[in-house]
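Scroll down for the structure; my scribbles are underneath it.
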Amino acid sequence: GRCHDGPTAREGRGGARRFHLDRRRGQGLRPGRRFCQAAGVPQRPPTPLHMFRFAAPAWRCAAAAAGPISAAVAAAGVSDRPRERGRRLVLAEPVPKKGDFGGGSQKYTPKSLVVSGTRTMSHGPIRIFSGNAHPQLAHDIAAAMGVPLSNATVERFKCGEISVVINESVRDCDVFVIQPTCNGGGGPQEHMMELLVMLDAIRRGAANRVTAVMPLYGYARQSSKDRSRSPITARLVTDLLQVAGANRVLTIELHVSQIQGFASYPIDNMYALPLLAQAIERVMEERGIVSDDLVVVSPDVGGAKRASAFAKKLHAPLAIFSRQRRRANETAEVDLVGEVDGKTCIVIDDIADSCETLCVSASKLKARGAKAVIGVVVHGVFSDPACENITNSELECVIVTDTIPIEDKAKRCPKLQVVSVAPLLAAAIGRIHSSESLSELFEALPCEAH
């Protein structure tokens with residue numbers, strides 16, 4: 001192949017060197033080449049602008065003023081249309097006027113534009129929708145962000161099927177759907193199906209990006225095949241979300257972090273430990289307790305990592321319950337590793353369903369000489385008779401977040417103290433929308449939560 005403004009491909013590197021050497025010596029170009037001397041006129045018509053779409057070789061930029069438009073575009077080597085490179089918009093500079101280029105070689109490089117400061121890429125205007133699982137949390141998040149909650153109708157047909165109507169445009173918008181899979185209303189399966197239908201409706205509405213905000217990630221307990229013919233429902237849910245149209249998932253305290261590896265899309269796992277640690281510090285101030293009087297307790301070996309991180313935040317020691325079955329036909333024995341005599345014990349768990357684990361741990365700790373026992377739970381499922389178990393247990397109080405609706409259960413059980421996760425999720429949604437990092441929220445509280 002022959003290039004119209006340089007040496008032929010057959011001539012190779014040697015031909016290119018002779019070509020530049022002849023130009024430096026001021027000699028004329030060979031017959032058939034595009035450019036003459038610096039002040040000359042191109043022998044062929046200038047190449048149309050739309051043909052230059054890729055970066056040009058360095059020797060092409062040696063063109064002199066052989067027509068201002070063709071020389072500028074040949075030197076720039078870019079299209080007149082903007083294109084995206086990662087999160088930057090690359091645009092060609094305005095075409096220089098005649099005389100802007102000198103007689104010698106000159107490079108012309110495009111400039112990168114950073115849009116609106118730190119927001120390097122826009123996903124469109126933000127829209128926040130909510131299903132029927134936890135509308136109060138969605139309203140709190142929207143109020144914390146200063147964004148109105150978008151309008152959607154989620155109802156049931158007479159046959160019981162879910163009917164979803166998105167009542168406003170979502171075209172080219174950055175959409176967030178807030179829907180935990182909790183046990184209220186129709187149950188976790190109903191709320192999961194509501195979420196999937198809403199994601200499908202929004203995706204078909206030509207949204208730019210769809211994020212499923214699941215404060216409680218449902219069906220996460222079966223994350224591995226622990227026996228023959230058992231399902232892995234955590235992987236199933238990740239696949240369903242992707243097929244329905246989710247581009248991203250935002251959740252709080254996954255049951256196991258390996259679920260993030262099940263999906264090919266981002267799953268942002270936020271941590272509620274800073275919020276819970278702040279609530280414990282308020283309890284310590286009210287009771288005049290110092291860190292040396294505290295012991296953070298994990299109710300089982302599986303939660304030791306979470307309890308260890310919580311103990312570091314409170315600058316307190318750690319104790320762990322270990323259940324061991326000595327023989328196959330005997331009941332499992334509970335061993336406690338750590339000293340709790342005369343201490344205020346903080347028992348932390350990620351999910352509390354029937355609360356039997358918390359209540360049994362509290363009775364064991366009181367038998368070992370603990371001064372007081374306080375429960376800390378991220379997701380308070382509290383299936384019946386959980387509230388009665390807490391009321392009749394040795395637990396003085398249970399601090400729980402509102403990742404799922406908790407108002408009715410807090411009225412039934414006066415020992416429950418609710419901490420809102422709306423500031424945390426609002427800060428995370430704002431950072432995702434503006435393409436900012438979430439790592440700062442892993443260790444520190446958002447400003448609204450202080």
Side-chain angles (χ1 to χ4, degrees), residues 84 86-87 119-135 137-139 141-142 144-145 147-155 162-182 188-220 234-252 254 259-270 403 421-422 424-438:
E84 292 186 1
R87 292 180 178 175
R119 299 188 179 186
T120 57
M121 186 175 181
S122 175
H123 297 281
I126 189 171
R127 297 286 187 271
I128 299 178
F129 290 92
S130 173
N132 294 324
H134 202 345
L137 178 61
H139 281 285
I141 292 173
M145 297 184 64
V147 177
L149 196 63
S150 300
N151 188 8
T153 303
V154 183
E155 297 176 343
I162 297 171
S163 170
V164 173
V165 178
I166 306 300
N167 297 320
E168 59 185 82
S169 175
V170 294
R171 182 175 297 276
D172 293 333
C173 292
D174 193 11
V175 182
F176 295 83
V177 183
I178 302 173
Q179 179 85 340
T181 55
C182 49
Q189 62 279 353
E190 287 287 328
H191 298 146
M192 175 63 70
M193 197 62 197
E194 274 188 11
L195 175 61
L196 296 176
V197 177
M198 291 185 71
L199 292 176
D200 184 77
I202 293 169
R203 175 179 63 87
R204 297 179 187 277
N208 194 354
R209 185 176 65 175
V210 186
T211 301
V213 182
M214 304 172 65
L216 173 59
Y217 193 94
Y219 294 92
R235 173 59 190 268
L236 175 63
V237 170
T238 59
D239 293 341
L240 290 173
L241 292 172
Q242 185 176 21
V243 172
N247 304 115
R248 195 183 195 105
V249 171
L250 175 64
T251 186
I252 294 180
L254 284 171
I259 296 175
Q260 292 173 291
F262 292 162
S264 59
Y265 52 87
I267 297 181
D268 297 314
N269 183 28
M270 307 306 297
T403 54
V421 295
L424 176 62
L425 290 176
I429 291 173
R431 287 174 177 268
I432 292 173
H433 176 64
S434 59
S435 299
E436 298 179 29
S437 174
L438 296 175

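Just so it is clear, the model here is predicted, and its values are computed rather than measured.
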Query raised in the report: Can a donor-acceptor pair be found between the side chains of Glu155 and Thr153 at a distance below 3.5 Å?
Result: no
Query raised in the report: For the side chain of Asn247 and the backbone of Val210, is there at least one donor-acceptor N/O pair under 3.5 Å apart?
Result: yes
**Report entry** Working for side-chain contact (heavy atoms from CB on, under 4.5 Å), residues Leu241 and Met214
**Finding:** CA-CA 11 Å; Leu241 292 172; Met214 304 172 65; 3.7 Å; yes
Query - Any residue meeting side chain to side chain donor-acceptor pair (under 3.5 Å) with Thr403, in chain and number order, not counting sequence neighbours - result: His379
Requested in this report: Please report the shortest heavy-atom distance between Ala152 and Phe129, naming the atom on each side.
Outcome: CB-CD2, 3.6 Å
Query raised in the report: Looking only at heavy atoms, which two atoms of Gly218 and Val237 are closest? And how far apart?
Result: O-CG2, 3.9 Å
Query raised in the report: Do Ile128 and Met145 come close enough that some side-chain heavy atom pair is under 4.5 Å?
Result: yes
Query - From CD1 (Ile178) to NE2 (His134), nearest 0.5 Å - result: 10.0 Å
Query raised in the report: Hey, is the main chain of Glu168 close enough, under 3.5 Å, to the side chain of Asn151 for a donor-acceptor pair?
Result: no
**Report entry** With sequence neighbours excluded, residues passing salt bridge (Lys or Arg N to Asp or Glu O under 4.0 Å) with Asp200
**Finding:** Arg203, Arg204
Query raised in the report: In Å and rounded to the nearest 0.5 Å, what is the CD1 to OG1 distance from Ile259 to Thr251?
Result: 8.5 Å
Report summary line: Note: Ser130 and Pro135 closest approach over all heavy atoms is OG-CA, 3.6 Å
Query raised in the report: Do the side chain of Arg209 and the main chain of Asp174 share a donor and acceptor less than 3.5 angstrom apart?
Result: no
Query raised in the report: Hey, are the side chains of Tyr219 and Thr181 touching, using non-hydrogen atoms and a 4.5 Å cut-off?
Result: no
Query - Donor-acceptor contact present, side-chain His191 to main-chain Cys182, <3.5 Å - result: yes
Query - Any donor-acceptor N/O pair, Gln179 side chain to Ala133 backbone, under 3.5 Å - result: yes
Query raised in the report: Does a side-chain heavy-atom distance below 4.5 Å link Ser435 with His123?
Result: yes
Query raised in the report: Just wondering, do Phe176 and Val147 contact through their side chains at under 4.5 Å, heavy atoms?
Result: no
Query - Any Tyr265 side-chain heavy atom under 4.5 Å of Thr238 side chain - result: yes
Query raised in the report: If you take all heavy atoms of Asn208 and Gly124, which pair is closest and at what distance?
Result: ND2-N, 4.2 Å
Query raised in the report: Does the side chain of Glu194 come within less than 4.5 Å of Val164's, by heavy atoms?
Result: no
**Report entry** Distance (rounded to the nearest 0.5 Å) between Ile432 CD1 and Arg248 CZ
**Finding:** 5.0 Å
Report summary line: Of all heavy-atom pairs linking Leu240 and Leu196, the shortest is O-CD2, 3.6 Å
Report summary line: Between the CG atom in Leu216 and the CG atom in Leu254, the distance rounded to the nearest 0.5 Å is 9.5 Å
**Report entry** Rounded distance [0.5 Å steps], CD1 in Ile162 versus CD in Glu190
**Finding:** 5.0 Å
Query - Sub-4.5 Å side-chain heavy-atom contact between Ile429 and Ile126 - result: yes
Query raised in the report: Can any side-chain N or O of Asp268 pair as donor or acceptor with the backbone N or O of Leu250 at less than 3.5 Å?
Result: no
Query raised in the report: Does some side-chain heavy atom of Arg127 sit less than 4.5 Å from a side-chain heavy atom of Ile202?
Result: no
Report task. Considering non-hydrogen atoms only, spot the tightest contact between Ala144 and Ala426 and give its length. Result -> CB-CB, 3.7 Å
